[in-house]
Amino acid sequence: MNLILVDDDLLVTTALKIILEADPELHVIATGCSGAEAITLYDTHLPDLLLLDIRMKDMSGLDAAQQILKQHPSARILLLTTFSDDEYIVKALRIGTKGYLLKQDYAHIIPAIRAVYDGQTVFGDEIVQKLPDLLQKKETADFRKFDLSEKEADIIRLVADGLSNKEIAEALCFGEGTVRNYLSTILNKLNLRDRTQLAIWYLK
């Protein structure tokens with residue numbers, strides 16, 4: 001798997017490169033230190049995955065990711081940062097990046113890279129804990145344009161609030177099997193893979 005790593009801290013770049021290349025299947029083919037450089041490197045190398053810092057001097061990683069995704073909608077971009085700001089998380093979700101991890105969470109970086117490569121969206125534990133609060137700030141959405149019924153919309157909101165199938169069943173007076181069937185239908189309608197992607201879709 002070919003990777004590009006962009007971070008304005010040379011020590012971080014060096015440490016991450018060593019960690020990543022300890023895995024024989026991962027190859028860091030280029031490194032950079034700015035948002036503008038990230039865009040140029042991506043266009044030049046078209047990597048399997050881009051690991052991108054958020055706070056950089058000339059252009060933020062979020063702005064760079066947004067530009068890259070306009071030109072390459074299928075780009076796999078995993079954001080690495082020391083900050084779990086709500087504003088950053090929301091923008092990362094909205095522009096379509098595939099993950100958001102804290103740099104200090106070294107143990108999860110390689111598993112996250114593999115998950116993103118396989119088509120999943122990945123968030124670090126600290127970020128996941130923030131999602132329910134962010135979702136509660138979401139204004140009521142019009143689900144009808146997505147061909148979703150009111151009951152399906154209720155289930156989506158409960159999933160976004162972090163409830164299990166059993167808890168949703170109790171809240172709506174359904175059987176767990178009925179909830180599973182609803183969820184399967186919802187995921188098919190929205191072309192989503194799992195509950196995490198459904199919660200992210202709701203936030204967007």
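- The shortest side-chain heavy-atom distance between Leu16 and Leu51 does not fall under the 4.5 Å cut-off.
- Closest of all the heavy-atom pairs between Ala38 and Ala64 is CB-CB, 4.5 Å.
- Scanning both residues, Ile113 and Leu26, for their nearest heavy atoms gives CG2-CD2, 4.3 Å.
- Atom CG of Leu41 sits about 7.5 Å away from atom OG1 of Thr31, to the nearest 0.5 Å.
- The minimum heavy-atom distance linking Leu52 with Gly61 is given by the pair CD2-O, 3.2 Å.
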- Message: The test is side-chain contact (heavy atoms from CB on, under 4.5 Å); show your working for Ile168 and Phe174 and say whether it passes.
- Response: CA-CA 8 Å; Ile168 293 173; Phe174 285 163; 5.8 Å; no

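- Annotation: side chain of Ile77 is not in contact with side chain of Gln66 (no heavy-atom distance under 4.5 Å).
- Across Thr97, Asp118, Val116, a single residue satisfies side chain to side chain contact (heavy atoms under 4.5 Å, CB included) together with Arg76, and that is Val116.
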- Message: Please evaluate residues Ile68 and Leu50 with respect to the criterion side-chain contact (heavy atoms from CB on, under 4.5 Å), reporting the C-alpha separation (whole Å), side-chain torsions for both, the decisive distance (0.1 Å), and the verdict.
- Response: CA-CA 10 Å; Ile68 290 169; Leu50 168 63; 3.6 Å; yes

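- Between Leu78 and Lys98, every side-chain heavy-atom pair lies at or beyond the 4.5 Å cut-off.
- Note that CG of Leu69 is 8.0 Å distant from OH of Tyr42, once rounded to the nearest 0.5 Å.
- Contact check for Asp43 versus His72: side-chain heavy atoms found under the 4.5 Å cut-off.
- Between Arg55 atom CZ and Asp7 atom CG the span is 13.0 Å, to the nearest 0.5 Å.
- Counting heavy-atom neighbours within 6.0 Å of Asn188 CG, excluding the residue itself, gives a total above 12.
- Among all heavy-atom pairs drawn from Asp63 and Met59, the shortest one is CB-CG, 3.7 Å.
- Distance alone, capped at 3.5 Å, is enough to place a donor-acceptor pair between the Thr44 side chain and the Thr40 backbone.
- Residue Val6 comes nearest to Met56 through the heavy atom pair CG1-SD, 3.9 Å, listed as atom of the first residue, atom of the second, then distance.
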With a 3.5 Å cut-off and sequence neighbours excluded, list the donor-acceptor pairs that the side chains of residues 147-156 form with protein atoms.
from	atom 1	to	atom 2	distance (Å)
Ser149	OG	Glu152	N	3.1
Ser149	OG	Glu152	OE1	3.4
Glu152	OE1	Ser149	N	2.8
Glu152	OE1	Lys189	NZ	3.0
Glu152	OE2	Lys189	NZ	3.2
Asp154	OD1	Arg157	NH1	3.2

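- Summarising the geometry, atom NE2 belonging to His27 is positioned 6.5 Å from atom CG belonging to Asn2; distances are rounded to the nearest 0.5 Å.
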- Message: For Glu25 and Met1: C-alpha separation, side-chain torsions, deciding distance, then whether side-chain contact (heavy atoms from CB on, under 4.5 Å) applies.
- Response: CA-CA 6 Å; Glu25 295 184 356; Met1 191 188 313; 5.8 Å; no

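- Looking at residues two or more places apart in sequence or on another chain, you find no ring-ring contact (aromatic ring centres under 6.0 Å, His included) involving His45.
- The closest side-chain heavy-atom distance from Thr81 to Tyr100 is below 4.5 Å.
- Residues Val159 and Leu163 are not in side-chain contact: their nearest non-hydrogen atoms beyond the backbone lie 4.5 Å or more apart.
- Taking the side chain as every heavy atom from C-beta outward, Asp53 and Leu79 never approach each other to under 4.5 Å.
- Here the side chain of Glu167 pairs a donor or acceptor atom with the backbone of Ser164 at under 3.5 angstrom.
- At least one side-chain heavy atom of Leu62 sits under 4.5 Å from a side-chain heavy atom of Ile95.
- The main-chain N or O of Val179 is never found under 3.5 Å from a side-chain atom of Asn165 such that the two would form a donor-acceptor pair.
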- Query: How far apart are the C-alpha atoms of Ile29 and Leu3, what are their side-chain angles, what is the distance that settles it, and do they pass the side-chain contact (heavy atoms from CB on, under 4.5 Å) test?
  - Reply: CA-CA 6 Å; Ile29 58 173; Leu3 311 175; over 6 Å; no

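- The minimum heavy-atom distance linking Asp8 with Cys33 is given by the pair CB-O, 3.3 Å.
- With respect to Arg114 and Asp23, a salt bridge is recorded, a charged nitrogen being found less than 4.0 Å from a carboxylate O.
- Within the model, atoms CD1 of Ile186 and CH2 of Trp201 stand 9.0 Å from one another, a figure rounded to the nearest 0.5 Å.
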